[in-house]
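Written out below as structure tokens is the structure these notes cover.
All chains are named by letter (A, B, ...) in the order of the sequence lines, taking the proteins before the strands, and each is independently numbered beginning at 1.
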Amino acid sequence: MKDIIIAIIKDAISACKDKGLLTVAEFPSIILEKPKREGFGDFATNAAMLIASKEGKQPRKVAELIVKEISDKTGIIKKLDIAGPGFINILIDKNCWERVLKDIETAGNKYGHTDIGKDRKVLIEFVSANPTGPLHIGHARGAAVGDTLANILKASGYDVTKEYYINDRGVQVYTLGNSVRFRYLELHGKEVEPPQDYYKGEYVKDIARDFAAKYGSNVDVESTEVIISFVDFAKDALLAQIQKDLEDFGVKFDKDEWFSEKEKLYDASSMPVLQALDKLEEKGVTFLEDDAMWFRTMDFGDDKNRVLIKKDREFTYFASDVAYHLNKIERGFDTIINVWGADHHGYEARIRAIFKALGYDDKMLKIVFIQLVTLLRNGAPVPMGKREGEFVTLRQVIDEVGKDACRFFFLMRKSDAHLDFDLELAKKQAPENPVFYVQYAHARISSIIKHAKENGISIPAYEEIDLSLLNQDEELAIIKTLASFPDIIKGCATSLEPHRLTFYLQELAGIFHPYYNKNRVVTDNIELSKARLFLCNAVKIVIKNGLALLNVSAPEEM
RNA sequence: GCGCCUGUAGCUCAGCUGGAUAGAGCAACAGCCUUCUAAGCUGUGGGCCAGAGGUUCGAAUCCUCUCAGGCGCGCCA
């Protein structure tokens, strides 16, 4: 609908240009928006004002010229107005809105899907928590955002690859193994000093117990082989747990979507990390100083230069980043999305430096930052001291409030804004709980449909209904809201802001519930019942499609 | 000290990439159940968009500075 109108306006501007009425040196990008006030029509465009400012003419005069040249062959436009400083307000013929209902019926569970991302390959990396502990609430928000974004991009026609980067080599996993080894010894009554900076969480003891169950109580804890097996055992156990937690959260990474740093970047025969550093060296952006190898990231906008190989010959974490991002680039993605905790924003400049130094446009890299979550219980923040291992895990929150509320709540805010997660509210079976409110609209419609069926009325086909019976303002408002759904999804996809979808669903539920309250759907008037039932079912389809993108269930009854 | 994010109604937040008289949900107040789910609905009040300049036809939105809060600034991972 929007596209058709944009095309009509573009034609009108071109016509003005052809006739020499306007110069239009630079063709403006037509923005069609929904005016805030009723009475300003269904759409408004500021095109005339944009052109006027470039040509030094009065906006209203330009608007008049454009309006005169508009030729609407489709009959979609009912009325055109010039208003305010030079807006062109457009009123759509009511009959045209009704086509939306036909679109929804035809597209069904694909309504809202578009092909704006056709032939574009996108990689989205998210969670990527180190396998040194269970997922906590901060990871969970990133998981919800990343997964939903992936769903939205897929629905928008992009070729989407999800990825979880496993940091499975280096000091951290070694420390984890060592922590398990310590608990193992403790378990067998050996008094030993705990290792430095060991992982203190209870889960380490559990893993030590499992290790003992598998390998017995008499392993030679001093042998290198056994120490390695502590590391591998612990890492594998945690990865399995992370994977399980994610799946219960509705996030599924396929087998080849787990990217192991150790296997993929430090493969002993090819050593991709070395190849990547060689490439940087070829570009002349590295140097040696104090027995270390550096990357001159300052030449590409970073605050300071960064070390790639330390003087003890170890690769830095950043060296892995170089290799990993080169790997991503070489896989041929058009867009590379990293979903990061906001505490990593200091890393953005150096990652962008990798792209620039290797001769790639860093615009292909999009970073979505996830701000911290504060859990609230009875209005007070739940204390979270990660240091002593007392963080709240994803598992605990799923167990307490359920997957649906959890996912929905994480998407109720812009991802780079702090989020207060009210546990009591999330559990509440009441309308002030937004996820409940939306799901309930779906369940309520299901209930109506069931009731109608019991009264011998099934959901009619579009051709069977008399659309003129849907003549109330509320009904038109619902239809218009349903019509905007594809634009909402598009907006989410292009801005990488999935929270817009949760807001939309709340808005839709927010106009449906009052409508329901005011109007009885199933009555003795069969024709009216059919028309309203059809409309309700359209609302149901859109809510279901929206919830599906969030991976939140759409219950038939509650 | 430098960088990033945030600052909008009593609270929690939207504000569609610069548009018209700034919105929603809670909370507060006043009402509404013989009904397809009251697990719901209707109405009212509530604002110096942190502050000050600037850019222009037009700013909550863009720029500069100030204030307040959060985070980040290792040859850590």
Side-chain angles (χ1 to χ4, degrees), chain A residues 31-37 40 44-46 49-50 52-53 58-60 83-87 89 130 132 167 169-175 197 289-294 303-304 306-318 320 341-349 369 371-372 376 379 412-414 416-420 422 425 428-434 436-437 439-441 443-455 484 487-488 490-492 494-495 497 499-500 502-504 506-507 510 513-523 529 532-533 536 557-558:
Chain A
I31 293 173
L32 211 57
E33 49 170 28
K34 195 165 48 177
K36 280 182 186 149
R37 295 182 64 83
F40 284 158
T45 180
N46 59 350
M49 289 182 281
L50 292 175
S53 65
Q58 286 182 11
R60 291 190 68 109
F87 285 102
N89 290 337
N130 291 339
T132 54
N167 183 215
R169 65 171 290 282
V171 179
Q172 293 199 69
V173 281
Y174 176 78
T175 304
D197 296 326
E289 195 176 291
D290 299 334
D291 290 330
M293 180 184 179
W294 297 68
D303 296 340
K304 45 188 81 169
R306 307 289 170 183
V307 170
L308 294 165
I309 302 178
K310 300 188 279 180
K311 76 175 156 203
D312 65 4
R313 317 283 260 155
E314 268 296 314
F315 293 100
T316 60
Y317 190 85
F318 182 51
S320 296
D343 55 341
H344 283 69
H345 63 71
Y347 292 70
E348 178 166 4
F369 289 105
Q371 270 294 353
L372 294 176
L376 298 177
M412 288 200 312
R413 300 283 175 265
K414 228 181 337 195
D416 59 357
H418 293 264
L419 170 70
D420 285 331
D422 186 333
L425 181 62
K428 210 178 264 184
Q429 300 287 298
E432 63 259 35
N433 177 357
F436 173 85
Y437 191 67
Q439 286 182 315
Y440 180 53
R444 175 170 258 177
I445 295 170
S446 304
S447 177
I448 296 169
I449 292 169
K450 196 173 150 209
H451 181 261
K453 201 172 180 184
E454 284 161 10
N455 286 274
S484 68
D487 282 330
I488 297 294
K490 270 190 223 172
C492 289
T494 54
S495 65
E497 291 181 355
H499 73 278
R500 294 187 192 182
T502 53
F503 277 89
Y504 171 81
Q506 291 179 77
E507 187 190 327
H513 284 304
Y515 172 73
Y516 163 89
N517 191 254
K518 192 174 158 191
N519 300 285
R520 212 185 150 76
V521 176
V522 181
T523 60
S529 299
R532 288 181 175 172
L533 193 61
C536 287
E557 54 186 43
M558 294 177 79

Check your understanding: A/Gln439 near the nucleic acid: base, sugar-phosphate alone, or nothing, with a heavy-atom cut-off under 4.0 Å?
Key -> nothing
Check your understanding: Taking the P atom of each, how far is B/C71 from B/C29, in whole Å?
Key -> 37 Å
Practice item. Determine the interplanar angle of the A/His344 and A/Tyr347 rings, folded into 0 to 90°, and report it as parallel if under 30°, tilted if 30 to 60°, perpendicular if over 60°. Key: tilted
Check your understanding: Whole-Å distance between B/C13 P and A/Tyr437 OH?
Key -> 21 Å
Point to revise | Short side-chain to backbone donor-acceptor contact, A/Arg532 and A/Arg520, under 3.5 Å | key: yes
**Study point:** Euclidean distance for C1', B/G15 against B/A59 (whole angstrom)
**Key:** 13 Å
Point to revise | Complementary nucleotide for B/C62 - Watson-Crick or wobble, under 3.5 Å | key: B/G54
**Study point:** Distance between C1' atoms of B/G31 and B/A38 (Å, rounded)
**Key:** 14 Å
Review point. B/C26 pairs with which nucleotide, Watson-Crick or G-U wobble, both distances below 3.5 Å?
Key: B/G10
Point to revise | Closest-nucleotide 5' rank along RNA chain B - winner of A/Gln506 and A/Phe87 | key: A/Phe87
Review point. Does the side chain of A/Lys310 get closer than 4.0 angstrom to OP1 or OP2 of B/C76 through an N or O atom?
Key: yes
Exercise for review: Look through every strand shown and name the nucleotide pairing with B/C41 as Watson-Crick or G-U wobble, where both distances are under 3.5 Å.
Suggested key: B/G31
Check your understanding: If the C1' atom of B/A30 is compared with that of B/G45, how far apart are they to the nearest Å?
Key -> 11 Å
Review point. Can you tell me how far C1' in B/A22 sits from the matching atom in B/C65, rounded to whole Å?
Key: 26 Å
Point to revise | Under-4.0 Å side-chain N/O to phosphate OP1/OP2 contact, A/His499 with B/G15 | key: yes
Practice item. Confirm from the modelled atom types if A/Asp343 and B/G72 form a donor-acceptor pair under 3.5 Å, side chain to base only. Key: no
Exercise for review: Enter syn or anti for the glycosidic conformation of B/U8, syn applying to angles within 90° of 0.
Suggested key: anti
**Study point:** For B/G47, the Watson-Crick or wobble counterpart (both distances under 3.5 Å)
**Key:** none
Point to revise | Spacing between A/Arg520 atom CZ and B/U35 atom P, to the nearest angstrom | key: 9 Å
Check your understanding: Which one, B/U37, B/C41, B/C57, comes nearest to the side chain of A/Met558?
Key -> B/U37
Exercise for review: May I ask you to verify whether the side chain of A/Tyr174 and the base of B/C76 hold a donor-acceptor pair under 3.5 Å?
Suggested key: no
Exercise for review: Look at A/Lys304 and B/G74 and indicate whether a side-chain polar atom (N or O) is within less than 4.0 Å of OP1 or OP2.
Suggested key: yes
Check your understanding: How is A/Ala452 classified with respect to the nucleic acid when contacts are heavy atoms under 4.0 Å: base, sugar-phosphate, or nothing?
Key -> nothing
Practice item. Starting from the 5' end of RNA chain B, give me the residue, A/Arg413 or A/Pro85, whose nearest nucleotide shows up first. Key: A/Arg413
**Study point:** Syn or anti for B/C71 (syn when the glycosidic angle lies within 90° of 0)
**Key:** anti
Practice item. Ignoring backbone atoms, establish whether A/Tyr504 has a side-chain N or O less than 4.0 Å from OP1 or OP2 of B/G15. Key: no
Point to revise | Listed nucleotide nearest any side-chain atom of A/Pro35, set B/C75, B/A20, B/G15 | key: B/A20
Exercise for review: Determine which nucleotide pairs with B/C4, using a 3.5 Å limit on both distances of a Watson-Crick or G-U wobble pair.
Suggested key: B/G70
Exercise for review: Could you tell me whether a side-chain N or O of A/Asp290 sits under 3.5 Å from a main-chain N or O of A/Ala292, the two making a donor and an acceptor?
Suggested key: no
Check your understanding: Quick one: is A/Arg444 getting a side-chain N or O under 4.0 Å of the B/A38 phosphate, OP1 or OP2?
Key -> yes
Check your understanding: With sugar-phosphate meaning primed atoms plus P, OP1 and OP2, does A/Tyr440 contact a base, only sugar-phosphate, or nothing at under 4.0 Å between heavy atoms?
Key -> base
Review point. How far, in whole Å, is B/A60 from B/U55 if one measures between their P atoms?
Key: 16 Å
Point to revise | Side-chain donor/acceptor of A/Thr316 to backbone N/O of A/Ile309, under 3.5 Å | key: no
Exercise for review: Mind checking A/Ala292 for me? I need base, sugar-phosphate or nothing, with any heavy atom below 4.0 Å counting as a touch.
Suggested key: base
Review point. A/Glu507 CD to B/C16 C1': how many Å, rounded?
Key: 11 Å
Practice item. Check the distance between B/G25's P and A/Glu432's CD and give it to me in whole angstrom. Key: 13 Å
Check your understanding: Relative to the ring of A/His513, is the ring of A/Tyr437 parallel (under 30°), tilted (30 to 60°) or perpendicular (over 60°)?
Key -> tilted
Review point. When you measure from the side chain of A/Asp416, which nucleotide among B/C41, B/G15, B/C5 comes out closest?
Key: B/C5
Check your understanding: The side chain of A/Phe503 lies closest to which of these nucleotides: B/C5, B/C13, B/C26?
Key -> B/C13
Review point. How long is the line joining CD of A/Glu33 and P of B/A14, in whole Å?
Key: 20 Å
Practice item. In whole angstrom, give me the gap between the C1' atoms of B/A50 and B/G43. Key: 33 Å
**Study point:** Side chain A/Asn89 and base B/A20 donor-acceptor under 3.5 Å
**Key:** yes
Check your understanding: Is there a donor-acceptor pair under 3.5 Å between the side chain of A/Thr45 and the backbone N or O of A/Leu32?
Key -> no
Review point. Are A/Phe503 and A/Ile488 close enough, and set up right, to give a side-chain contact (heavy atoms from CB on, under 4.5 Å), and what steps lead you there?
Key: CA-CA 10 Å; A/Phe503 277 89; A/Ile488 297 294; over 6 Å; no
Practice item. Spell out, as yes or no, whether a donor-acceptor pair under 3.5 Å connects the side chain of A/Asn89 to the backbone of A/Ala44. Key: no
Point to revise | Base of B/G3 paired with side chain of A/His345 (donor-acceptor, under 3.5 Å) | key: yes
Review point. Which nucleotide in the list B/A20, B/C36, B/C13 gets nearest to the side chain of A/Ala44?
Key: B/A20
Practice item. Give A/Ser495 one of three labels, base, sugar-phosphate or nothing, depending on what nucleic acid heavy atoms sit under 4.0 Å from its own. Key: base
Point to revise | Nucleotide of B/C5, B/U12, B/G19 approaching A/Leu50 most closely (side-chain heavy atoms) | key: B/G19
Review point. At under 4.0 Å between heavy atoms, what does A/Asp290 touch on the DNA or RNA strands: base, sugar-phosphate, or nothing?
Key: base
**Study point:** Pairwise P distance for B/C26 and B/C49, with rounding to whole Å
**Key:** 25 Å
Exercise for review: With heavy atoms under 4.0 Å as the rule, sort A/Ala443 into base, sugar-phosphate or nothing.
Suggested key: base
**Study point:** Sugar-phosphate only, base, or nothing, as touched by A/Val171 at under 4.0 Å among non-hydrogen atoms
**Key:** sugar-phosphate
Check your understanding: Checking all strands, does A/Phe369 fall into the base, sugar-phosphate, or nothing category for heavy-atom contacts under 4.0 angstrom?
Key -> nothing
Check your understanding: At under 4.0 Å, does any side-chain N or O of A/Lys414 touch on OP1 or OP2 of B/G15?
Key -> yes
**Study point:** Minimum-distance pair of heavy atoms, taken over all atoms of A/Pro59 and A/Met49
**Key:** CB-CG, 3.8 Å
